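Proteins come first, then strands; the chains are lettered A, B, ... in the order of their sequence lines, and each starts at number 1. Every value quoted in this text rests on a predicted model; they were computed, and no experiment measured them.
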There are 2 protein chains.
Amino acid sequence: MGVTKTEIFTEQQNRIADLAKAFSHPARVAILQLLISRKACVCGDLVDELELAQATVSQHLKELKRIGIIHGEINPPRVCYCINPVVWSEAQKTFGSLLDTFAITESCCN
Amino acid sequence: MGVTKTEIFTEQQNRIADLAKAFSHPARVAILQLLISRKACVCGDLVDELELAQATVSQHLKELKRIGIIHGEINPPRVCYCINPVVWSEAQKTFGSLLDTFAITESCCN
DNA sequence: GTAGTCAATCGTAAAGATACGATAGAATTT
DNA sequence: AAATTCTATCGTATCTTTACGATTGACTAC
C-alpha cells in the first residue's frame, strides 16, 4: 500500500501527526527557525541560507503552508513568509498537553 | 534524489526532526497514547486496539525504538513496551524550547 | 519432543517524500 | 515593450514509508 489509513484514527491523532510533520524534516526545522529569528523571511533569502535548491525550498514552504504553520504574503516581486501565530500556539498546546500526559515518575510496565 | 541531505543541517535540527518523526504518523501517536494510558503495552494488545496488521504495528514499534522514545522488554512469550522516560523528557524540553522561541506578540514581517 | 503462542523479520507492492533542473507566471524596472 | 527579478510549478529520478501476507525464531505448555 504505502498509504496511511487515516480513517481508522481520530481527528486529534491525525492532526497531531500533521503538526509533527512540520518539524519532521531538518530543512523545515531550519526554515521555521530562520523565520523566527528573522534572519530571513523572503524565499530567496532562505535559499541563500540553506544549501538547497530554490525548487526544494519552495516545496518545503508549500508543505508548511498546507499544515498552516506559516503564511506567505506576496510583496512583489518577493514573497514574505512568516509564522502563523494561531497555528503555532495550537502546536504549543497540542504538544504541550500530549507530552504532559506522561508523568516521568510512572514506572515501566512489568 | 529522494534522500535527505542530513549533512547540511545541525545536529540539533536533525535530532528535532527525528523526535518529531515519532509523532508524525497517527499510528505512532496512537501507540504512544496507548502506552501512556496503559490500555496496552504488549504488542498483541496494540494490534487488537489498532486496526492494523501485526507486521505493521511491529514496524512502527521498531521505528519508535530506533528514535529511542520507547523501549521493549522481553517477557516471554510476550514483549512489553513502555515509554523511555529519558527520551520523553528530552522531547518535552526540545519541543518546549523550540515552540517557546516564537512569541505570539511578534508581528509578521511586512 | 510436539504443539501452540507471540513477535520480529522477509519479501513485496504501492504511494509518498526529497531533491533538482527547467520552465512558466507575475510584477517591477528600464 | 523588453529585460529583469523572484517564486511557483512541472517533470523526473531516486529513496523512503506504509502496509500486509508469509515465514522464522523463541519460548511456553502439554
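Between A:T4 and D:dT18 there is no side-chain polar atom (N or O) within less than 4.0 angstrom of OP1 or OP2. Proximity of B:R28 to the phosphate of D:dT18: a side-chain N or O atom is located under 4.0 Å from OP1 or OP2. Between A:S58 and D:dT7 there is no side-chain N or O to OP1 or OP2 distance below 4.0 Å. Listed pair B:H60 / D:dT17 fails the phosphate criterion, with no side-chain N or O lying under 4.0 Å from OP1 or OP2.
Taking atom CZ of A:F23 as the reference point, atom C1' of C:dA17 lies 19 Å away to the nearest angstrom. In this structure, the CG atom of B:L61 is 16 Å from the P atom of C:dC6, given to the nearest Å. Rounding to whole angstrom units, CG of residue A:D48 and C1' of D:dT5 are separated by 13 Å. To the nearest angstrom, P of C:dA17 lies 17 Å from CG of B:D18. Remark: C1' of C:dC20 and CD1 of B:I8 are 13 Å apart, rounded to the nearest angstrom. To the nearest angstrom, C1' of C:dA8 lies 15 Å from CG of B:L64. What separates CD1 of B:I67 from P of D:dT16 is a distance of 15 Å, to the nearest Å. Atom P of nucleotide C:dG16 and atom NZ of A:K5 are separated by 15 Å, given to the nearest angstrom.
At a threshold of 4.5 Å between non-hydrogen side-chain atoms, the residues B:I69 and B:F23 count as touching. A:L61 places a side-chain heavy atom less than 4.5 Å from the side chain of A:I31.
Across the interface with DNA chain C, nearest-nucleotide mapping of A:E51 and A:K21 shows A:K21 to be the residue nearer the 5′ end. Nearest-nucleotide positions on DNA chain D place A:R78 closer to the 5' end than the other of A:K62 and A:R78. Mapped onto DNA chain D by nearest heavy atom, A:T6 and A:V42 fall at different nucleotides, with A:V42 at the one closer to the 5' end.
Listed nucleotides: C:dA19, C:dA8, D:dA19. Nearest to the side chain of B:K65: C:dA8. Side-chain proximity of B:V3 to the nucleotides C:dA7, C:dG21, D:dT16 is greatest for D:dT16. Nearest nucleotide to the A:A55 side chain, out of C:dG21, D:dC20, C:dG16: C:dG21.
For a distance-only test at 3.5 Å, the side chain of B:Q59 fails to qualify as a donor-acceptor partner of the base of C:dA8. Donor-acceptor pairing under 3.5 Å, judged by distance alone, is absent between the side chain of A:E63 and the base of C:dA17. The base of C:dA8 lies close enough to the side chain of B:Q54 for a donor and an acceptor atom to sit less than 3.5 Å apart.
The aromatic rings of B:W88 and A:F102 sit perpendicular, their planes meeting at an angle over 60°, well past the 30° parallel limit.
Looking at A:R66 and A:D18, a side-chain N of the basic residue comes within less than 4.0 Å of a carboxylate O on the acidic one, giving a salt bridge.
When heavy atoms are screened at a 4.0 angstrom cut-off, A:I74 is found touching no nucleic acid atom at all. Among the heavy atoms of the strands lying under 4.0 Å from A:L52 are primed sugar atoms or P, OP1, OP2 only; no base atom is included.
Grouping the Ile, Leu, Val, Met, Phe, Trp and Tyr side chains by contacts below 4.5 angstrom, directly or via other members, places B:V42 apart from B:Y81.
The number of heavy-atom neighbours closer than 6.0 Å to CD of A:E11, taken from other residues, nucleotides and ligands shown, is 12 or below.
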